[in-house]
Amino acid sequence: MTPSRVARRTGDAGFTLVELLVALTIMGIVMAAITSTVISSLQLEQRQSTLQDVIDDGRISLQAIRRELRAARRVHEGSDTMALRFWVDQNQDQIVTPEEEICYLVEPIGTTGGQWQISRWTHATEPEHCEPGATPPTGDRRVVARTLTDPNAFVEYLPVPAGPDQPATREVHVVLELEVVGVRNFTSTTVETSIRLRNVP
């Protein structure tokens, strides 16, 4: 067998440089597509998780407001879309005490005015105790919800709280429009509920 025939047979059994480059190129394209799909899936899962966390936080806040407001005997006149002041007869003695006068108020976070929070306190015996900039008489301010994007859509009343000769408020619709950070196509999400006041005379 001549050397040329040996070389030809050896060459026939392997891959040429061009074939290797083509194979590597195809493998690179396939790997890039797989990597892109995996990254997109992880990003989608992260966005959904972030959105669900915001919704869950909003629902927890709504449950706290709902539980307390359902037991209210009166929503005070002067309550509006950003301030909710009401009386809960906690010991069922039909006597109003300062610790039973509750305020939920929408307040700005920081000085930029782009985000708001809902704070809650007691001893709100006067309308001015539940107005923007008010200081809780007892210093027991507690934040109930953060990162609201629309402060004017917090509360709606049926009927609207008015004077003693007017029909009492019997239903309150609470809306929390919450900011969603780091999720494309979602700048905010809304959780809401309607609350029937069971103890209004």
Side-chain angles (χ1 to χ4, degrees), residues 54-109 113-180 186-201:
V54 173
I55 292 172
D56 289 345
D57 288 345
R59 287 176 176 166
I60 291 170
S61 299
L62 277 184
Q63 286 174 1
I65 296 171
R66 181 186 183 90
R67 184 168 52 249
E68 195 162 45
L69 188 55
R70 284 185 69 188
R73 289 185 59 86
R74 182 188 310 133
V75 174
H76 293 301
E77 59 181 305
S79 295
D80 57 27
T81 58
M82 296 178 64
L84 169 61
R85 190 170 70 93
F86 57 96
W87 167 44
V88 177
D89 190 8
Q90 296 171 347
N91 53 12
Q92 302 297 313
D93 61 0
Q94 299 187 17
I95 299 173
V96 180
T97 59
E99 59 271 11
E100 296 175 339
E101 296 279 20
I102 298 166
C103 169
Y104 282 92
L105 182 66
V106 178
E107 302 178 295
I109 298 175
Q115 289 183 335
W116 291 265
Q117 66 186 18
I118 298 174
S119 297
R120 176 218 180 263
W121 58 83
T122 61
H123 292 71
T125 56
E126 302 295 334
E128 58 267 23
H129 294 162
C130 196
E131 294 178 349
T135 301
T138 61
D140 65 346
R141 184 191 307 264
R142 173 168 57 89
V143 175
V144 177
R146 295 186 184 275
T147 65
L148 270 69
T149 59
D150 185 358
N152 297 306
F154 171 42
V155 184
E156 296 176 0
Y157 306 93
L158 297 173
V160 174
D165 298 330
Q166 301 297 320
T169 297
R170 295 184 177 275
E171 184 173 338
V172 178
H173 188 72
V174 179
V175 179
L176 304 182
E177 188 172 312
L178 303 168
E179 182 181 19
V180 181
F186 282 98
T187 56
S188 65
T189 187
T190 302
V191 291
E192 55 189 301
T193 186
S194 290
I195 305 166
R196 297 281 297 180
L197 279 62
R198 298 178 301 179
N199 297 324
V200 174

Answer yes or no: is there a donor N or O on one side and an acceptor on the other, between the side chain of [X] and the main chain of [Y], under 3.5 Å?
{"X": "D56", "Y": "I60", "value": "no"}
{"X": "W121", "Y": "L105", "value": "no"}
{"X": "R85", "Y": "A124", "value": "yes"}

(request) Quickly, which of E68, E101, E107 forms a salt bridge (Lys or Arg N to Asp or Glu O under 4.0 Å) with R120? Name it, please. (result) E68
(request) Begin from the C-alpha positions of V88 and I102 and carry the test side chain to side chain contact (heavy atoms under 4.5 Å, CB included) through to its verdict. (result) CA-CA 8 Å; V88 177; I102 298 166; 3.9 Å; yes
(message) Apply side chain to side chain donor-acceptor pair (under 3.5 Å) to residues T122 and E99 and explain how you reach the verdict.
(response) CA-CA 5 Å; T122 61; E99 59 271 11; over 6 Å; no
(request) Tell me, yes or no, whether the heavy-atom count around R66 atom CZ, taken from other residues, nucleotides or ligands under 6.0 Å, exceeds 12. (result) yes
Contact summary for [X] and [Y], nearest pair of heavy atoms:
{"X": "P161", "Y": "S79", "answer": "CG-CB, 4.0 Å"}
{"X": "A153", "Y": "V175", "answer": "O-CB, 3.0 Å"}
{"X": "L62", "Y": "V191", "answer": "CD1-C, 3.8 Å"}
{"X": "A72", "Y": "N199", "answer": "O-CB, 3.7 Å"}
{"X": "E179", "Y": "V54", "answer": "O-CG1, 3.8 Å"}
{"X": "F86", "Y": "V75", "answer": "CB-CA, 4.0 Å"}

Does any non-hydrogen side-chain atom of [Y] lie less than 4.5 Å from one of [X]?
{"X": "T169", "Y": "V200", "answer": "no"}
{"X": "V144", "Y": "I65", "answer": "yes"}
{"X": "H129", "Y": "P137", "answer": "yes"}
{"X": "S61", "Y": "R146", "answer": "no"}

Quick check for you: to the nearest 0.5 Å, what is the distance between [X] atom [atom1] and [Y] atom [atom2]?
{"X": "W87", "Y": "Q94", "atom1": "CH2", "atom2": "CD", "value": "6.5 Å"}
{"X": "L178", "Y": "D150", "atom1": "CG", "atom2": "CG", "value": "11.0 Å"}
{"X": "R74", "Y": "L197", "atom1": "CZ", "atom2": "CG", "value": "12.0 Å"}
{"X": "T135", "Y": "E128", "atom1": "OG1", "atom2": "CD", "value": "12.0 Å"}
{"X": "M82", "Y": "I118", "atom1": "CE", "atom2": "CD1", "value": "10.0 Å"}
{"X": "L69", "Y": "R198", "atom1": "CG", "atom2": "CZ", "value": "10.5 Å"}

(request) Could you walk me through whether L176 and F154 pass the side chain to side chain contact (heavy atoms under 4.5 Å, CB included) test, one step at a time? (result) CA-CA 6 Å; L176 304 182; F154 171 42; 4.1 Å; yes
(request) Verify whether one side chain among T147 and Q115 offers a donor that lies under 3.5 Å from an acceptor in the other. (result) no
(message) I'd like to know if E100 and R73 make a salt bridge, using a cut-off of under 4.0 Å between side-chain N and carboxylate O.
(response) no
